[in-house]
Number of protein chains: 2
Amino acid sequence: MSTDTRQRLLDGALAAVRHHGVAGVSARTIAAAAGVNQALVFYHFGSVDELLAAACDAATSARVEAYATQLQAVRSLRDLLDVGRRLHEEERRLGNVMVLAQLLAGAQSEPRLVEPTARALGLWVEQIEATLTRVLAGSPVAEVADIPGLARAVSAAFVGLELYEGVDADGARWALGALEQLAVLVEVVDDLGQVAQRALKAKVRRKRVVKR
Amino acid sequence: MSTDTRQRLLDGALAAVRHHGVAGVSARTIAAAAGVNQALVFYHFGSVDELLAAACDAATSARVEAYATQLQAVRSLRDLLDVGRRLHEEERRLGNVMVLAQLLAGAQSEPRLVEPTARALGLWVEQIEATLTRVLAGSPVAEVADIPGLARAVSAAFVGLELYEGVDADGARWALGALEQLAVLVEVVDDLGQVAQRALKAKVRRKRVVKR
DNA sequence: GTCTATAGTAGGATAGAC
DNA sequence: GTCTATCCTACTATAGAC
């Protein structure tokens, strides 16, 4: 059946990227992973790049959707850290972040991959941004933090950490732990009394004025 | 001359990775960029991967050395941000972060690239860690922040940002701006009076105990 | 050390049988 | 829709002339 083969190719493309990286992926390795004939890559998708683009789109939408409800339930920074850690571990286990990292690397010199990878990363950014906005509402941190920018930084950082993990697993775990600990600082600030918070906000505003 | 050709190949390798990515780099593209014959890649380095490894090593040592004195002169967070921004812009202009990102992507499925890329990233981590340790000494932030872990997180994040920049330049700039602004929070905390700082430190310690 | 030439392999893509 | 067969290109790597 056609739809079945298409799906096998989409799955095979992800598997091949996980296993061989962008540098080693080809119509042949994808077809092998999918258990179908090599010519079908071109029949169904036209070219290897277009198949990779489609696979990236499909995989990311599916994963983001799977986490949307969990993220929407997040109300505190502590919740966010819990969901974030679960999300990171699961995506890593499924190899999805790796695929995104590899395709981003490929997109740097393959224009046809730019749009799909940007869109995929954009889907994650969207979710993270909405969640951060909700969680940090009213916090003094919201005075300093540019939340849309922060959501983008977090997304990019996870890609970098994934690549780092591949060459130094201990170092990457260390880095991840440090980021989680850093969130404690935000909690501490949020737990300050009203008076101290107001003083802090004032200080922050003064700094920002000076800075510009 | 031999040493001249070796150098041309090392430079050519970096140029080729910048231009074609790991996925598109080959003995031929490197030789073309170096303006030498393709067979010399194998004569001087044995294989493409070994040349890439050597180029990665050489380039990173050179760049880290070039920044070591500037980083050692950093005494405040404001200094660090200034040097950090200059460093980031220059490395980006030279395309060095891109090379590291591409080789990290390649290393995920090419074991021979693991050691050189880990070492290259390690050189940056070393510098950043030493600088952070110096700058944050005595700050309440040092109570929460696991500095070695943070140095690793920062290094990995820059790699991710570089890849992000390739598919969404505006988003990446936004992210970078957000991270710089976040540093203001640290400054604010550092500028608190003695009493407030002591109170904050105590709060942080309590949090950490609870957390474990 | 550097070049030419070439063997051998892998990949993109298409034509045509089924 | 799927498979076989095939063309063409680009690659790694080496042998051998200079």
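A, B, ... follow the sequence lines: proteins, then strands. Residue 1 opens every chain.
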Polar side-chain atom of A/Arg134 near backbone of A/Arg75 as donor-acceptor pair, under 3.5 Å: no
Value in whole Å for how far the C1' atom of C/dA10 lies from CD1 of A/Ile30: 15 Å
From CA spacing to verdict: side chain to side chain contact (heavy atoms under 4.5 Å, CB included), B/Asp168, B/Asp170: CA-CA 6 Å; B/Asp168 181 1; B/Asp170 289 339; 4.0 Å; yes
Spacing of A/Arg28 atom CZ relative to D/dA5 atom P, expressed in whole Å: 13 Å
Heavy-atom pair with the smallest gap, counting every atom of B/Leu52 and B/Val17: CD2-CG2, 3.6 Å
Side-chain H-bond candidate by donor/acceptor type, A/Arg18 with A/Gln102, under 3.5 Å: no
Sub-4.0 Å heavy-atom contacts from residues 34-49 of chain B onto DNA chain D, ordered by number: B/Gln38, B/Ala39, B/Phe42, B/Ser47, B/Val48
Ring pair (Phe, Tyr, Trp, His ring centres under 6.0 Å) partners of residues 100-155 of chain A, not counting sequence neighbours, each pair once: none
Sub-4.0 Å heavy-atom contacts from residues 8-23 of chain A onto DNA chain C, ordered by number: none
Audit row: B/Glu129, B/Arg152, side chain to side chain contact (heavy atoms under 4.5 Å, CB included) steps and yes/no: CA-CA 8 Å; B/Glu129 184 176 340; B/Arg152 284 160 176 79; 3.3 Å; yes
A/Ser26 vs C/dA10: side-chain N/O to OP1/OP2 distance below 4.0 Å: no
Nearest-0.5 Å distance that lies between atom CG in A/Asp146 and atom CG in B/Leu176: 11.5 Å
Donor-acceptor pair between B/Tyr67 and B/Glu91 side chains, under 3.5 angstrom: no
Gap between atoms CZ and C1', on A/Arg112 and C/dG12 respectively (whole Å): 12 Å
